[in-house]
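Here the structure comes first, spelled out in structure tokens, and everything after it is commentary.
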Amino acid sequence: MNGVHDLGGMQGFGPVRPELESEEPVFHAEWEGRVYAMVRLIGSLKLWNLDMVRHTRESLPPADYLAFSYYEIWFAALRKQLVESGLVTEDELRTGRASSAVSEVILERVMRAEQVRAKPFMTASYRRPAPGPARFVPGDRVRARNRHPRGHTREPRYVRGRIGTIDAHYGSQVYPDLSADGVVEGRHLYSVRFAARELWGESAHVNSAVYVDLWEDYLEAAP
Amino acid sequence: MTKDHHGDTAPPYDIKLSVKALESLLVEKGLVDPEAVDALIELFQNDIGPSNGKRVVARAWVDGGFKRWLLDDPNAAIASMRYVGSQGEQLRVLENTADVHNLVVCTLCSCYPWPLLGLPPVWYKSPPYRAQAVADPRGVMRQFGTEIGEEKEVRVWDSTSEMRYLVLPQRPPDTEGWREEELQNLVTRNSMIGVEDAQRPAKTGTS
């Protein structure tokens, strides 16, 4: 979707204002850590995948997305997904009191502290077989297709219609546009190099390029 | 709802209370183990952070064989140091050289190599950085006090897939003979994102 999350090249947000690296805490308030951990732990129940999470965050009202802090976005999306998945009812969210039971199958998947400490990361692979052989090889000229899907996509607006060169083939990986709808299929994934001037015109530095990971369905051969 | 509880002067929405309320609900339903929440927070506050990446970079600086391995087969190379892709992501290591400077961003969200760098800093996830990094990388780096020469090519890597990018900064000059542990102190998190170079050794003497 053409949402406000697709920020590359937008203007008017002001300077970056980094905190001093040596002084920046991992979490700036206790609740941020709780939100981070809840999102990870509920995510490990496998009721939804990463692309569904991203799409839920992207689909927040645009003004909220920009006004919320990072973990506020995570929190808002978590609440939405809990209700949409049926894990929590609207009523429970409103009252804060449990009034429905969770199935045993799901409760068996709940992560315990020992498991978290032993294996803090999930290591499921994103590799999936592709429907056919790769269409492109490194060095090929390609155009990022001018697509505007209403659902989830990882083709940023700033590359659409632009010509680049295949830098690398990363094999076949889960295709986000389908995965966000629960359909997990592989597509060939490439690193595509775009000259900065192809993307941003004459004002861009001549000695600069942007590399973007793009799935084959986002690309067409360019002359 | 909040208005009823806190009166008219309260903000319309209290994030701290809302988060607490959701956690108690999820605990009551058996969906979240509060000790697992604590454990995950502790891990990211104490164990999983940029020091992992610093070890990888310093090792690549002193060991040419490891560096080649890291560039050719990064997942195997970091696995040998017991680091993994956080959610099955694959790593690609980008080497800064005399001719090329690399910079990493995620314009669409906040993709970042968690196992090697921990959780990203606020600025990395913020609209100003995500908006500007792809369009004006030199301008962004200048905000970090980094000036990249005109003759150098700047490559920006937008993490739009489950590939994760780590910048291998150039080894600072005047560090011949330094041990790996000493070199780790010159590697900053920001240098592994690419907004800065690695630190230079402090001058001995009075300056």
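These numbers come from the heavy atoms of this one structure, side chains and all, not from hydrogens, waters or symmetry mates. So that the names make sense, note that chain A is the first sequence line, chain B the second, and so on, each numbered from 1.
Within the 4.5 Å cutoff, no side-chain heavy atoms of A:Y70 are placed close to those of B:V122. Using a 4.5 Å heavy-atom cutoff, the side chains of A:V110 and B:V32 are not in contact. The closest side-chain heavy-atom distance from A:L41 to B:L26 is not below 4.5 Å. Residues B:V19 and A:F75 have side chains in contact (heavy-atom distance under 4.5 Å, counting atoms from C-beta outward). Counting only heavy atoms from C-beta outward, the side chains of A:Y158 and B:D158 approach each other to under 4.5 Å. Within the 4.5 Å cutoff, the side chain of B:P128 has no heavy atoms near those of the A:P15 side chain.
Expressed to the nearest 0.5 Å, how far OG1 of B:T160 lies from CG of A:L189 amounts to 7.5 Å. With values rounded to the nearest 0.5 angstrom, B:L108 atom CG is found 8.5 Å from A:T153 atom OG1. Note that the CG atom of A:L82 and the CG atom of B:L31 stand 7.5 Å from one another [nearest 0.5 Å]. Of the inter-residue distances, the one linking A:H5 atom NE2 with B:C109 atom SG reads 8.0 Å to the nearest 0.5 angstrom. Once rounded to the nearest 0.5 Å, the distance linking CE of A:M111 with CG of B:L40 reads 7.5 Å. Atom CD1 in B:I15 sits 7.5 Å away from atom CZ in A:F68 (nearest 0.5 Å).
Nearest heavy-atom pair, B:P127 versus A:F13, reported as atom, atom and distance to 0.1 Å: CB-CD2, 3.6 Å. The shortest non-hydrogen separation linking B:L25 to A:A98 is CD1-N, 3.5 Å. Closest non-hydrogen pair, A:A113 versus B:D33, comes out as N-OD2, 3.6 Å. The nearest pair of heavy atoms linking A:A37 to B:I41 is CB-CG1, 4.2 Å.
Proximity to chain A involves both the backbone and the side chain of B:P121, based on heavy atoms less than 4.5 angstrom apart. For B:L119, the part sitting under 4.5 Å from any heavy atom of chain A is the side chain, from C-beta outward, and nothing else. Heavy-atom distances place the backbone of B:E151, and not its side chain, under 4.5 Å from chain A. Neither the backbone nor the side chain of B:K20 comes within contact range of chain A; no heavy atom of the residue lies under 4.5 Å from a heavy atom of that chain. There is no contact between B:S24 and chain A, counting heavy-atom distances below 4.5 Å. No part of B:L103 comes within reach of chain A, as not one of its non-hydrogen atoms sits under 4.5 angstrom from that chain. Of the two parts of A:R193, only the side chain, counted from C-beta on, holds a non-hydrogen atom closer than 4.5 Å to a non-hydrogen atom of chain B. Contact of B:L43 with chain A is made through the side chain alone, with heavy-atom distances under 4.5 Å. Interface remark: B:F144 contributes side-chain atoms only to the contact with chain A (heavy atom separation under 4.5 Å). Of the atoms belonging to A:Y218, not a single heavy atom falls under 4.5 Å from chain B. Using a 4.5 Å cut-off between heavy atoms, A:R79 contacts chain B through its side chain alone, with no backbone atom that close. Residue contact with chain B, scored on non-hydrogen atoms closer than 4.5 Å, involves the backbone and the side chain of A:V210 alike.
For CD of A:E30, the number of neighbouring non-hydrogen atoms (other residues, nucleotides, ligands) closer than 6.0 Å is 12 at most.
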Run the side-chain donor-acceptor check on residues 164-174 of chain A: report pairs under 3.5 Å with partners two or more places apart or on a different chain.
unit_1: A:D167; atom_1: OD2; unit_2: A:S191; atom_2: OG; d: 2.8
unit_1: A:D167; atom_1: OD2; unit_2: B:R92; atom_2: NH1; d: 2.9
unit_1: A:D167; atom_1: OD2; unit_2: B:R92; atom_2: NH2; d: 3.2
unit_1: A:H169; atom_1: NE2; unit_2: A:H188; atom_2: ND1; d: 2.9
unit_1: A:Y170; atom_1: OH; unit_2: B:R92; atom_2: NH1; d: 2.7
unit_1: A:Y170; atom_1: OH; unit_2: B:Y165; atom_2: OH; d: 2.8
unit_1: A:S172; atom_1: OG; unit_2: A:R128; atom_2: O; d: 2.7
unit_1: A:S172; atom_1: OG; unit_2: A:A130; atom_2: N; d: 3.3
unit_1: A:S172; atom_1: OG; unit_2: A:R187; atom_2: N; d: 3.3
unit_1: A:Q173; atom_1: NE2; unit_2: A:Y170; atom_2: O; d: 3.4
unit_1: A:Q173; atom_1: NE2; unit_2: B:Q90; atom_2: OE1; d: 2.7

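Aromatic rings of A:F194 and B:W157 (six-membered ring for Trp) have centroids beyond the 6.0 Å cut-off, not under it.
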(message) Using side chain to side chain contact (heavy atoms under 4.5 Å, CB included), reason through A:L78 and B:L22 one step at a time and then give a plain yes or no.
(response) CA-CA 10 Å; A:L78 174 64; B:L22 185 67; 3.8 Å; yes
(message) Please evaluate residues B:M163 and A:Y126 with respect to the criterion side chain to side chain contact (heavy atoms under 4.5 Å, CB included), reporting the C-alpha separation (whole Å), side-chain torsions for both, the decisive distance (0.1 Å), and the verdict.
(response) CA-CA 10 Å; B:M163 295 296 296; A:Y126 285 92; over 6 Å; no
(request) Give the C-alpha distance, both sets of side-chain angles, the deciding distance and a yes or no for side chain to side chain contact (heavy atoms under 4.5 Å, CB included) between B:W123 and A:E19. (result) CA-CA 8 Å; B:W123 59 261; A:E19 282 176 81; 5.6 Å; no
(request) Go through A:R54 and B:E162 one step at a time and tell me if the salt bridge (Lys or Arg N to Asp or Glu O under 4.0 Å) criterion holds. (result) CA-CA 13 Å; A:R54 286 188 181 132; B:E162 276 16 285; 2.9 Å; yes
(request) Carefully, step by step, assess A:L7 and B:Y129 under the rule side chain to side chain contact (heavy atoms under 4.5 Å, CB included). (result) CA-CA 9 Å; A:L7 285 161; B:Y129 183 72; over 6 Å; no
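Contact count against chain A (heavy-atom pairs under 4.5 Å) is highest for B:K29 among B:Q143, B:K16, B:K29. Chosen from A:S100, A:S203, A:P176, the residue pairing most often with chain B at heavy-atom distances under 4.5 Å is A:S100. In terms of heavy-atom pairs under 4.5 Å with chain B, the best-connected choice from A:V4, A:V116, A:V16 is A:V16. In terms of heavy-atom pairs under 4.5 angstrom with chain B, the leader among A:I73, A:I42, A:L199, A:T95 is A:I42. Across B:I148, B:V105, B:D38, the residue that shares the most heavy-atom pairs under 4.5 angstrom with chain A is B:D38. When A:P156, A:A196, A:A204 are compared by the number of non-hydrogen pairs under 4.5 Å with chain B, A:P156 comes out ahead. Across A:L87, A:V206, A:L107, the residue that shares the most heavy-atom pairs under 4.5 angstrom with chain B is A:L87. Among B:K152, B:E35, B:E42, B:R155, the residue with the largest count of heavy-atom pairs under 4.5 Å with chain A is B:R155.
B:E23 places no side-chain N or O within 3.5 Å of a backbone atom of A:M38 that could act as its donor or acceptor partner.
Every residue two or more places apart in sequence or in another chain that forms a ring pair (Phe, Tyr, Trp, His ring centres under 6.0 Å) with A:H152 is listed here: A:H55. With sequence neighbours excluded, the residues forming a side chain to side chain contact (heavy atoms under 4.5 Å, CB included) with A:N207 are A:H205, B:R138, B:E153, listed by chain and number.
For the residue pair B:N102 / A:Y211, no side-chain donor-acceptor distance below 3.5 Å is found, with atom types taken as modelled.
Along residues 179-199 of chain B, the residues that come nearer than 4.5 angstrom to chain A, judged on non-hydrogen atoms, are B:T188, B:R189, B:N190 in order of number.
Here the rule is side chain to side chain contact (heavy atoms under 4.5 Å, CB included) with A:R154, and of B:S161, B:S159, B:C111 only B:C111 fits it.
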